Structures are given as C-alpha cells and as structure tokens.
Amino acid sequence: MSMIIDRRLNDRNKNATNRQRFIRRYKAQLKRAVADVVAERSITDIGRGGEVGIPVKDITEPRFRIGRGGDREMVHPGNKEFTKGDLIARPQGGGGGGSGQGGGGDGGDGQDNFMFTLSKEEFMNLFFDDLELPRLARNVLGDSKQFKYRRAGYTPSGVPANLSVPRSLKNAMARRLALQSPLKRELRELEQSGAPAEEIDALKSRIERVPFLDEYDLRFRHRVKEPKPISRAVMFCLMDVSASMSEQKKDLAKRFFTLLYMFLSRKYEQVDLVFIRHTSNAEEVDEEAFFHDPQTGGTVVMSALNLMMEIIEERYSGNDWNIYGSQVSDGDAFGSDPQRSCARLSRDILPLCRYFSYVEVPDSPSSITPLGGAYSQIQNVNFAMKTVMHRGDVYPVLRDLFQKEAA
Amino acid sequence: MSSVEQRAAPLSRGGDWTFELLQEYDYEIGKIAKEFGLDTYPNQIEVISSEQMLDAYASVGLPISYTHWSYGKEFIRNEEGYRRGMRGLAYELVINSDPCIAYLMEDNSMPMQALVIAHACFGHNSFFKGNYLFKQWTSADAIVDYMVFARKYIFECEQKFGIDKVEETLDACHALMDHGVDRFHRPSPLSAYEELQRQHDRAEHARMQFDDIWRTLPRQDKGGAKEHKVKKAVFPPEPQENLLYFIEKYSPTLETWQREIVRIVRKLAQYFYPQGLTKVMNEGWATFWHYTLLNTMYDRGLVDDGFMFEVLQSHTNVVMQPGFDHPGYSGINPYALGFNMMRDIRRICENPDDEDRAWFPDIAGSDWRETLDFAMRNYKDESFIAQYLSPKLIREFHLFAIADIQKDEHLRVAAIHDDEGYREVRRMLSRQYNRDVLVPDIQIQRYEHMGDRSLVLRYQRLHDRPLTEDAREVLKHLSTLWGFKVTMEIFDDKEGVVDQIEVLPAR
C-alpha cells in the first residue's frame, strides 16, 4: 500500500536561497542591466520590478563536451526517399544534422540573453545598493524606535538567566556571617561556663539552621533600555521650472528627483523631503505638484535659496537635523542672480548643510552656463556638481553623488 | 449477462480527484501490477503545487540538495519558461529512493494522476529496483539521508570558510561532474551515518598525525634524495578516468573540507550515472507499464471511456516521434523508442512471425513477462538496442543512418531500413547510446608528484572529433582544485599527441 501525503502546505519557496545566490553572483551584470532598463522607462514606472537580461555566455557552466567536426554516424527516423549510398548536401549552419543524441542542445534556445524577472524588492536592492547620505550624523534623542540595552547594576528580582552567581553568593556569605557570629560567640561563652549539654546542642542546631543560600541573597544583573540617538535628516529638492527648461530637461530633472526620492524613502525611515520649485519666485509644493504640475515662468535662482533658508530657520534649525540639498537647473540665470545665489549658497546655506549637490541639465555639454560658472567657484567639501545630458546619465550621476564612502 | 456482471463499476467519473480516490486508484493499479509481477519499492506519493514542482525541478530531481547558484539559475529558467507558457511542467517527478518518492501535481485531473501513479510509482519504481546499473551504482535507501548530510555539511563550510570559497570549489567540481565515475569499479554502498563517521575519522586522523616537530628536522642529506630519484616512476601507474576521485585523493593543495565537497559532488554524479545510461529503457519501461496497467483497468471496467480518452491523448503526445525533417525534431524520443521496443518484445513473444523467429529465435514465442523482466534487469540502452531492436521496428520508425565524414563534401546515407541495412542501423543506433559518444574520454595520464606537481590529462580523440571551446574553462576549474599547472594533451590513435592545452592556476 502506498503512502499518500499532502505536501501542498509545505513551504513553497525552497529555492529562494538559490535564487538569491544567483543574483549575488551576477550582481555586476544585473546592476548594469537594471540601469539600462531604468533609462528606458517612463518616470512613473521607474520603481517597478522588471525583466532584466544577462548574456547567456556569462552564466553557462563549462563541461568537457565533444564539439562539431570529425567523423560521425547518426541514425535518424522518418526516412522517406533516401536509399543507401545517396549523397546529401551538408545542411547550412548546423541545424538538423547536428546532434543525433537527444537532450544535446538544450542550453541555447536561440536567445542571446538569459531573461528573467526581478521582483520590486530585488530590483530596488540592486538599484540602490551601496548608496547613502554622506556624513549623516546620529544626533537626536527621542522619536526613536531603536534602543540599546545598558548594564545598570543589580536588582533583587529578575529572570534566572540573569542571575549573578558571585553576587548572590557574596550576599549569602554576608548574611551567614551576620546571623551566625553572635550565636557562635554565645556558644563559646556557654562552653567555657560549662552550661548543660542540651543548651549547647540547642544553640548548635540554631547555628546550623541558618540557610546557606536564601532568597534575599539572590541578585540579578539589571539592564535598562536606552533610546539610541537617531539621525534626522531633511532633503531639500530644488527644481528650476522656468521657461528655459524644456520638456526634455524637465524630464531629466524629474527623473533625478524620482530616483533620489525612491532612494531616500527606501533607505531612511526618517527623512523629511521638502520640495521647492522656482521660476522667478519660489514656492514650496507637495510631492504631487512637484512631479506633475506643469508650471512655468522666468528665472530667479536666488528665490529658491532664500525660501530654503527660511524653511531651515523655521522648521529645521538647531543641531538636530542633518540638512541636505539637491538642486537641478539648466544653469540659465540673469544679471547678478548667479553671483548672488552663489554667495548665498556658500555663505549661508553650505555651512548648515551636510551635503549639497547641484545637477545641471544644460543645452550642450561644452558650454559654461552662468549659474554653473558661478557655482564652480565654490570650494567646499560639502558641495558637488554634476552634469546630465541624457536619460542614461541620470542614474550614474545619482550613484556618483551618493556613493557610499569606503569605511 | 455474465460478462456484464464481471465488469466492475468505474472507480470515478470526471476529472476531479480526492485523496480517497487516489488511494483507491493506487490500490487497484498496485493490485494489477502485482498480477504482472512488478517488484517495487514501497511508494510515497506526495501531492504538491505547481510552484513546489518548479522547486523540485531545480534541485536536479532530488527532494533536497545543497545551496548553489546554478540551482537558482535552473529554477529561474524553469519559472520564466512556465510563466510565459513556453513550457509546461512535467506531470511527474520520481526519485530513485527507498521508499520511492513520486510527486503528483494538484492541478492534474484524476486520469492524469492515475497515469502518473502507474507510470512513476510502478513503472519507474520497478525499474529502479530491478535494473542492474541502479542496483550497482545507487543506494536508494541512503540517498535522501546523504543529501541531508551534504546540505548541512556545505552549509557549515559556508559559515566557516565563506560563501565565495565554497562556491568556487563547487563550481569547479560541477564542471568535472561528468568525470566522477569509475566505470570499472563497483562503488561501496553508502549510508549517511557511516559517511559522517568516516569524514570525522579522516579529519581526526589528520589532526592526530600533525606534529609541528617534523618541520624542524634537518633536511635529508643528498644520499637520501638520490635514492628517491631512482624510485621515481610514472604516477598514476595506470591512467585514471575518475578525475574527481583523483583530485580528492591526490590534490596537493586542497583543504580537508574541500576534499569532502569534491567527494559529495562525486557521490552525486555517481547517483545520476545510471539514469544517463538507461534513458530509453527507463522511460520505455515506465510508459509501457502505464499503458498496460491502465488498459487492463479499462478492460475490467474500473475506468470509463472518458478516462481512457484523456490518458491516451496524453500517452500519444509522449510517444510521438517526429521525423528528421519535422521542425520539432530534436533527436530520437526516448519515450517513443523505448515504449515501442518494449511493446515489440511483447509482440515477438506472443505473436512471432517468420522474420522474428529468424532474428530472435531465443525469445520468439516465450513468455513475454519473463523476457521483458530479464531485459529490464540486465541491459542498458546501448546493449538493449543492440539486442532487441527488430527489423519491424526499424521499418516502422523509418530509421536511416547518415555518415558524416569531415573530409567529404557530402553526407552519405550509410544504411536504411532494408534487408542489408537492418544490422547496420541497429549497430549505429546502439553506438549512439554509448557513453563515450556523449562524454569525451578524458583521463589523467601523469602526476609529476616529484617534479613541479603539474597534472597531465589526455583526451583520447575518436574520429577526429574535437572538444568544444569550454575545455579551457573546465581546465581552469581543474587547476583551481589542483593548485598547480594542468595540461591536457589531445591524443589521436594515429597521430599521437596532436595538440595541448596548458592552464596555470590563478594565483
């Protein structure tokens, strides 16, 4: 009689580890593939999981095999017209006459790429692997979900695992000494004075009745929970939406901010985002308006920086906050605006910031824009500047700006 | 009247299955199988979902295996194919173990489940138990335990020595997996416990033998060295074809744990070795028996017409053999060839004609059960075809042989299905299942254990057939395990050593 077992409720994902191993092994290739995929996607789709490909030749496992060429004889089924001695032209490019043995040609499938689908989670992991906010400091207490335990002396109660044996025995010894020594002194006096034996025995048994270890003696190691300082950070996203920013440039800018937004919201639970867009004057907007509202107008960069300062003073002042800024513009600015903006940035804003990145989306890669020209004079380790010309550049630039520093 | 009474009522109608029905079908099929004299391991039938089937696929058909990226790749490949509808899932998966584990997929219909039970639990199962290669090379009662041990061991190695190091070793071993069998020696049976004990003993012995004092001894004087030189001889004295075994025993650089991993992969290769040699027979046998068993059920009225239609439809798909000019042609279908040969043997036994009497005087008219059973037990594909492929079947398959001589401009038809060609076709088809045609003959020629410790292999080239480009990559893996230079000579019987590939370990 056979045994019939229902295994349907057993765990299904037996191969999860093997799958992760595969992804781990081909991380470099996958990262490249992921970057390519993202460059082609529309902004709203960026965060989805998706199909990626790895060149088949990278993942084949070599074996000793017999290749084409040489002499061989093969038997095939389905003869219709051949008789012995017939000559047949060699089939071109291998194909039919190739392998007579079944199961020989399974690997190829005519694909150049081994295509497969990454889940959203895997996709994002590869995508934002080793990116971080530079110079983030843990500097605030409170509001935190992270705790650590600290030793804090001993308590008379606790779980057995925390029992401190030396402490408990020390206490026990002290108690025994305290309780027994007066009795012992009395005993010595009785013995010297020649008291009756019953009395001495009674005293002896009293001494013996003092317990070796009592419940009062027990001491337990005490630990207290302490909140861990956390890092609170705010990212200011400054986007130029003036008339000189063409649709294509806005697309680049929004791509950059979308990636930045996904990166921050994924890696850091406690990051505030402030969206500022500016034409000739700046306004703080919500996420929705920032990414989707088609507003346009003139250009005053200064307005955005001023607004950023105001918001910092109003909401993010003090040392509690790690402040970050990211500005995207095509670099067009007029009159004294670039110089003034540059001064404002380097004098007032940068000292408050951990990191400020400026990404330019200029008309041509060679020309120097007014704003870019002014900003390039800033000498501050907290400031970085990059240029993006094509969709494909966005992700590498983001990676460059937020590359994890080697520990 | 009486015949109507004899016919039992069908066990079920329609496609739905329940566990009670599975039990019933299994019981009936088992009863008929016993009547035919099939000898099987006890069955353990496991009902699983399609995702679990995908899982089972990936670990090379074992219920448990160690962690390796290549299984992940296999899993992803199957999963993608399945999701896109490019490939269906096999209906069955059966493991050569005692008890014999067979998987049923929950989304199959009742007739399909019965088909799988007949095919896997009685067909394959009896083959695993009876065939001489399986008896000799696999220990059905120990394999699952051994894999549990292997998985745990490799997991521990990863913890101790790092994933990358273990992966490198496994990659190298996998590349050499086809060369991990000693065809002319009978392997000793293994049990997980003994294995663990032996591995422990080996490690312990190495530890006990270690004594740092030997390092401090003054070197031997010249006289001693001379003596050594005289003794120097070619090692190994005879070429070795079991590359993994040789590496495990003699590699100058492997750590103990790495040797153990080489051993695990070698044991695994050994376990799969018979399956590669009996594809046609194994599948043919199982297909023949599901066909026979289910038809018997139908004759007895245990199943209805609808049931039989579904079974036959699936059966026909499995045993279809497209011709060489068909777009879907990918070589000879082992199910088709095997099934038809099994059936043909039965025919020769039951209704022989003059041709059969001339070709198979010993089995024509004999008891078909005994003849088939004998064939199943004592043959592998190569010898089975050479022995039993009948002219009638050659005609039915329209088999013809092509000679592909490299220097000739054209391919030549060497033999077809006519009187003068039968033997020729049969001989060539049987050769096609010789392992040497599938796996190149590569042996270890020399180990310079007194010199630079390099290893020399030799590829015995047959009929000018070259190795693929992969060979260099495999040699790189080999040199990682070996730790010193590895050379492979391409040797031809007529011309001697024609070429050689040399690989230095990456250090």
Side-chain angles (χ1 to χ4, degrees), chain A residues 1-8 10-15 17-26 59-80 82-91 96-97 99-105 109 114-117, chain B residues 19 22-23 26 43-49 51-52 55 58 67 69-73 75-76 80 106 121 174-175 178 321 323-324 331-332 334 397-406 410-416 421 425 428-429 432 438 440 442 463-468 470-471 473-474:
Chain A
M1 199 67 188
S2 307
M3 200 152 58
I4 298 180
I5 306 171
D6 187 359
R7 289 258 190 239
R8 288 173 296 177
N10 281 30
D11 47 332
R12 284 164 189 240
N13 231 344
K14 261 193 194 168
N15 271 293
T17 328
N18 287 331
R19 188 186 160 95
Q20 287 317 312
R21 284 289 164 82
F22 178 74
I23 290 174
R24 175 179 178 274
R25 185 182 170 101
Y26 292 103
I59 59 165
T60 45
E61 293 162 88
R63 294 272 172 110
F64 285 128
R65 287 195 193 88
I66 297 173
R68 291 181 186 288
D71 306 337
R72 64 190 70 208
E73 290 159 336
M74 290 150 305
V75 176
H76 296 289
N79 177 27
K80 295 192 188 76
F82 303 132
T83 53
K84 185 177 175 179
D86 282 359
L87 297 179
I88 308 168
R90 282 175 193 278
S99 62
Q101 306 94 28
D109 276 302
F114 179 74
M115 303 296 294
F116 71 105
T117 312
Chain B
F19 281 95
L22 284 183
Q23 202 86 57
D26 171 72
N43 277 304
Q44 180 173 326
I45 300 173
E46 307 197 351
V47 180
I48 58 174
S49 66
E51 290 130 295
Q52 287 168 318
D55 272 337
T67 312
W69 66 271
S70 65
Y71 300 141
K73 178 182 94 172
F75 175 71
I76 291 171
E80 289 292 311
E106 62 169 344
C121 306
H174 283 186
D178 291 335
Q321 173 65 63
F324 74 98
I332 287 176
F397 272 85
H398 293 269
L399 292 178
F400 67 111
I402 297 277
D404 177 355
I405 309 295
Q406 198 171 17
H410 292 282
L411 303 176
R412 193 169 50 78
V413 177
I416 66 160
V425 168
M428 287 185 206
L429 186 63
Q432 223 157 279
L438 308 171
I442 291 171
H463 303 297
D464 286 338
R465 293 173 202 161
L467 289 178
T468 53
D470 279 4
E473 293 304 310
V474 183

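In what follows, chains carry the letters A, B, and so on, assigned in the order in which the sequence lines appear, proteins first and then strands, with residues in each chain numbered from 1. These numbers were taken from a predicted model, which means no experiment stands behind them.
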Q) Is any side-chain N of the basic residue among Arg90(A) and Asp404(B) closer than 4.0 Å to the acidic one's carboxylate O? A)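 Salt bridge flag = yes for Asp404(B) with Arg90(A).
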| query | Centres of the Tyr26(A) and Phe114(A) rings: under 6.0 Å? | reply |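 Centroid separation for Tyr26(A) and Phe114(A): 6.0 Å or greater.
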| field | Qualifying residues under side-chain hydrogen bond (donor to acceptor under 3.5 Å, both in side chains), relative to Thr468(B), sequence neighbours excluded | value |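 Applying side-chain hydrogen bond (donor to acceptor under 3.5 Å, both in side chains) to Thr468(B) gives none.
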- [ ] May I ask you to name which of Gly69(A), Gly78(A), Gly85(A), Pro77(A) has the most heavy-atom pairs under 4.5 Å with chain B?
- [x]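 If we count pairs closer than 4.5 Å to chain B, Pro77(A) comes out on top.
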>> Below 4.5 Å, heavy-atom pairs only: which of Arg19(A), Lys84(A), Arg7(A) has the largest tally toward chain B?
In response: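 Ranked by heavy-atom pairs under 4.5 Å with chain B, first place is Arg7(A).
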* Contacting moiety of Ala175(B), where chain A heavy atoms sit under 4.5 Å ->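 When you check distances to chain A, atoms from both the backbone and side chain of Ala175(B) fall under 4.5 Å.
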Practice item. Pick one of side chain, backbone, both or neither for Gln321(B), based on which atoms fall under 4.5 Å of a heavy atom in chain A. Key: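 It is the side chain, since no backbone atom gets that close.
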Select, from [options], the one with the greatest count of heavy-atom pairs under 4.5 Å involving chain A.
options	value
Val47(B), Ile405(B), Ile416(B)	Val47(B)
His174(B), Glu46(B), Glu106(B)	Glu46(B)
Pro334(B), Cys121(B), Ser49(B), Ala415(B)	Ser49(B)
Pro440(B), Ala401(B), Gly72(B), Gly421(B)	Pro440(B)
Pro466(B), Gly323(B), Ser70(B)	Pro466(B)
Val413(B), Asp464(B), Leu22(B), Leu467(B)	Val413(B)

For the residue pair Ser2(A) and Gln44(B), confirm or rule out a side-chain donor-acceptor distance under 3.5 Å.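 Absent: no donor and acceptor within the cut-off.
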**Q.** Parallel, tilted or perpendicular: rings of Phe324(B) and Phe400(B) (30°, 60°)
**A.**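 Geometry flag for Phe324(B) against Phe400(B): perpendicular rings.
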Counterpart residues, ring-ring contact (aromatic ring centres under 6.0 Å, His included), relative to Phe75(B) (two or more places apart)
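For Phe75(B), no residue satisfies ring-ring contact (aromatic ring centres under 6.0 Å, His included) once neighbours in sequence are set aside.
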Requested in this report: Quick one: pull up OG1 in Thr17(A) and OH in Tyr71(B) and give me the separation to the nearest 0.5 Å.
Outcome: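 Reported to 0.5 Å precision, the distance equals 13.5 Å.
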